[in-house]
**Student:** 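Please see the structure below; I have some questions.
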Amino acid sequence: MTGSVTRVLDSATEAEALVGKHGFRQWGIPTQFLQGWAEARSGDPCRGEQRIRAALAEMDATGTPGFRPFALGLLAEAQLLAGRPDQARDTLRLATEEAGRLGEHLYDPLLRALHARLR
């Protein structure tokens with residue numbers, strides 16, 4: 001994913017259009033946080049952070065926490081890119097705690113890589 005930010009943004013935008021057309025609210029959540037991550041990586045970390053936060057709020061509203069540790073990891077990266085490493089550390093700590101609480105460890109490599117960047 002990190003090697004093709006433009007492709008991620010294009011795919012997420014396309015998926016968002018399909019989700020909107022068919023009204024699958026929960027399926028739109030991952031497209032939001034992926035778009036936010038791509039925007040942050042493309043030079044607009046504040047806009048990316050806003051989009052990721054909106055996706056996290058949508059996760060809470062729909063009761064779908066499964067992707068939450070991943071989305072929080074992407075949020076931490078956006079915060080790091082925005083020059084706020086302390087906030088990124090706090091977000092990353094929350095992501096790690098939630099992954100443990102949910103028993104969701106698929107995203108551990110991403111979270112470990114971000115931890116290493118923050119040291």
Side-chain angles (χ1 to χ4, degrees):
M1 191 166 97
T2 59
S4 184
V5 174
T6 303
R7 186 170 178 206
V8 170
L9 186 56
D10 291 345
S11 295
T13 301
E14 184 179 327
E16 182 181 45
L18 287 170
V19 166
K21 178 180 177 182
H22 298 288
F24 297 122
R25 182 178 178 192
Q26 289 176 316
W27 288 102
I29 296 169
T31 63
Q32 286 180 10
F33 61 72
L34 289 172
Q35 281 179 314
W37 173 83
E39 289 169 344
R41 291 289 301 255
S42 296
D44 196 348
C46 292
R47 180 177 168 88
E49 181 177 352
Q50 289 173 347
R51 191 177 298 269
I52 295 167
R53 286 187 182 282
L56 287 163
E58 189 73 11
M59 283 179 186
D60 292 343
T62 59
T64 52
F67 289 116
R68 196 167 167 80
F70 181 62
L72 286 167
L74 298 180
L75 177 61
E77 185 171 3
Q79 292 167 334
L80 182 60
L81 291 168
R84 296 191 313 276
D86 290 339
Q87 193 173 11
R89 276 186 199 87
D90 291 343
T91 301
L92 195 52
R93 186 175 17 261
L94 178 60
T96 303
E97 289 170 4
E98 288 198 19
R101 184 178 52 77
L102 292 169
E104 182 62 67
H105 298 287
L106 176 64
Y107 311 114
D108 285 355
L110 166 75
L111 300 178
R112 280 194 298 273
L114 285 168
H115 273 293
R117 286 178 58 192
L118 286 167
R119 289 184 188 164

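Note: hydrogens, waters and symmetry copies are ignored here, and every other heavy atom, side chains too, is used.
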**Student:** Once rounded to the nearest 0.5 Å, what's the spacing between atom CD1 of I29 and atom OG1 of T64?
**Tutor:**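 So the CD1 of I29 and the OG1 of T64 are separated by 3.5 Å.
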**Student:** What is the distance from atom CZ of R89 to atom CZ of R93, rounded to the nearest 0.5 Å?
**Tutor:** 9.0 Å
**Student:** Do the non-hydrogen side-chain atoms of T96 and H115 ever get within less than 4.5 Å of each other?
**Tutor:**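 Counting from C-beta outward, T96 and H115 do come under 4.5 Å.
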**Student:** Mind listing the closest non-hydrogen atom pair of A88 and L80 along with its distance?
**Tutor:** CB-N, 3.9 Å
**Student:** Identify every side-chain donor-acceptor pair in residues 98-111 under 3.5 Å, counting partners at least two apart or on other chains, and give the distances.
**Tutor:**
residue : atom : partner : partner atom : Å
E98     : OE1  : R68     : NE           : 2.7
E98     : OE2  : R68     : NE           : 3.1
H105    : ND1  : D108    : OD2          : 3.0

**Student:** Compare every heavy atom of A78 with every heavy atom of P45, then report the nearest pair and how far apart it is.
**Tutor:** CB-O, 3.6 Å
**Student:** How many angstroms lie between CZ in R51 and SG in C46, if you round to the nearest 0.5 Å?
**Tutor:**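 It is 14.0 Å, given to the nearest 0.5 Å.
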**Student:** Show the numbers, then the answer: is there a salt bridge (charged side-chain N to carboxylate O under 4.0 Å, His left out) between R53 and E49?
**Tutor:** CA-CA 6 Å; R53 286 187 182 282; E49 181 177 352; 3.2 Å; yes
**Student:** Answer with yes or no whether the hydrophobic clustering places W37 together with L81; edges join I, L, V, M, F, W, Y residues whose side-chain heavy atoms lie under 4.5 Å apart.
**Tutor:**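 Result: no, two separate clusters.
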**Student:** Rounded at 0.5 Å granularity, tell me how far CG in D90 sits from CG in L75.
**Tutor:** 11.0 Å
**Student:** Using the rule side chain to side chain contact (heavy atoms under 4.5 Å, CB included), only one of L34, L74, L72, T91 pairs with I52; which is it?
**Tutor:** L74
**Student:** Is there side-chain contact between E77 and R41, with at least one heavy-atom pair below 4.5 Å?
**Tutor:** yes
**Student:** Going by side chain to side chain donor-acceptor pair (under 3.5 Å), name the residues that satisfy it together with Q87, two or more places apart in sequence or in a different chain.
**Tutor:**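 Testing Q87 for side chain to side chain donor-acceptor pair (under 3.5 Å), a comparison that skips the adjacent residues, returns R84.
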